[in-house]
Amino acid sequence: MDIETAKYISNYYHRFFTEKENIAHRHVDSLFKLYGKLETSSLYKIHKLKGWITTDNQALELIKNGENAFFINTANRILKEHKDEIFINNCPNCNKLARTPKARQCRHCSSTWFNVENEIQK
């Protein structure tokens with residue numbers, strides 16, 4: 001699975017995250033937001049106090065190989081366990097991944113498929 005699809009699944013189907021995956025995801029997001037901040041900074045301390053920076057070994061184990069590996073592994077698990085509930089919205093013209101599950105215009109080739117559902121119902 002490529003990272004674009006993995007992040008798509010993680011962003012739009014995060015309700016299927018396990019408790020530890022949620023903790024790890026929140027940790028990764030917090031570290032991204034705190035990039036360049038020292039651990040002694042007040043913002044870092046707030047994130048840690050709120051539990052957004054974790055010391056949970058199981059959650060940290062999920063991200064030990066990096067953010068991309070975490071997203072790919074998590075998305076693969078979600079896809080395996082919830083295949084019937086996941087909609088990968090690919091453009092009918094170029095077959096590339098759309099921005100969201102509900103998107104009807106391709107960000108890659110600008111093709112639109114607004115009326116596809118109406119034509120199917122006729």
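Values below: all heavy atoms of this structure, side chains included; hydrogens, waters and symmetry mates excluded.
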Side chain to side chain contact (heavy atoms under 4.5 Å, CB included) between T100 and N11, worked out: CA-CA 9 Å; T100 72; N11 285 336; over 6 Å; no
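- A 6.0 Å sphere centred on CD of E19 holds no more than 12 heavy atoms belonging to other residues, nucleotides or ligands.
- Rounding to the nearest 0.5 Å gives a distance of 13.0 Å between OG1 of T74 and NE2 of H14.
- Scored by the ring pair (Phe, Tyr, Trp, His ring centres under 6.0 Å) test, Y13 finds no partners at all (sequence neighbours excluded).
- Residue-environment remark: CZ (R107) exceeds the threshold of 12 foreign heavy atoms within 6.0 Å.
- Taken from CG in L62 to CG in N57, the straight-line distance is 11.0 Å, to the nearest 0.5 Å.
- Here the CZ atom belonging to R15 is positioned 9.0 Å from the NE2 atom belonging to H82, to the nearest 0.5 angstrom.
- Neither W52 nor L31 shares a network with the other; the hydrophobic side chains, linked directly or stepwise wherever heavy atoms of I, L, V, M, F, W or Y lie under 4.5 Å apart, form separate groups for each.
- Between Q105 and S110, the closest heavy-atom pair is NE2-O, 3.9 Å.
- Hydrophobic clustering keeps L38 apart from Y44 (ILVMFWY residues linked when any side-chain heavy atoms are closer than 4.5 Å, directly or through intermediates).
- Of all heavy-atom pairs between A98 and A103, the closest is CB-CB, 3.9 Å.
- In terms of modelled atom types and a separation under 3.5 Å, the side chain of Y12 and the main chain of F87 share no donor-acceptor contact.
- Every ring pair (Phe, Tyr, Trp, His ring centres under 6.0 Å) that H25 has, sequence neighbours left out, goes to F17, F71.
- For H27 (side chain) and T54 (main-chain N/O), a donor-acceptor pair under 3.5 Å exists by modelled atom type.
- M1 and F16 fall within the same hydrophobic cluster, where Ile, Leu, Val, Met, Phe, Trp and Tyr residues are linked whenever their side-chain heavy atoms come under 4.5 Å apart, directly or through other members.
- One distance of note links SG of C91 with CZ of R104; it measures 11.0 Å at 0.5 Å rounding.
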Pair K20-D56, side chain to side chain contact (heavy atoms under 4.5 Å, CB included): steps then yes or no: CA-CA 8 Å; K20 297 300 179 183; D56 184 310; 2.5 Å; yes
Step-by-step side chain to side chain contact (heavy atoms under 4.5 Å, CB included) determination, R26 to K50: CA-CA 11 Å; R26 203 169 35 242; K50 297 263 186 184; over 6 Å; no
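- One distance of note links CG of L49 with OG of S42; it measures 12.0 Å at 0.5 Å rounding.
- Closest heavy-atom contact between C94 and C109: SG-SG, 3.8 Å.
- Contact between E21 and F70 at its shortest, heavy atoms only, is O-CZ, 3.6 Å.
- Of all the heavy atoms in H108 and L97, the pair that sits closest is NE2-O, 3.3 Å.
- The shortest non-hydrogen separation linking P101 to Y8 is CA-OH, 3.1 Å.
- With rounding to the nearest 0.5 angstrom, the OG1 atom of T112 is 9.5 Å from the CG atom of N93.
- Looking at residues two or more places apart in sequence or on another chain, you find a side-chain contact (heavy atoms from CB on, under 4.5 Å) between N65 and A69.
- Each of N73, V28, I23 was compared with I63 under the side-chain contact (heavy atoms from CB on, under 4.5 Å) criterion, and only V28 meets it.
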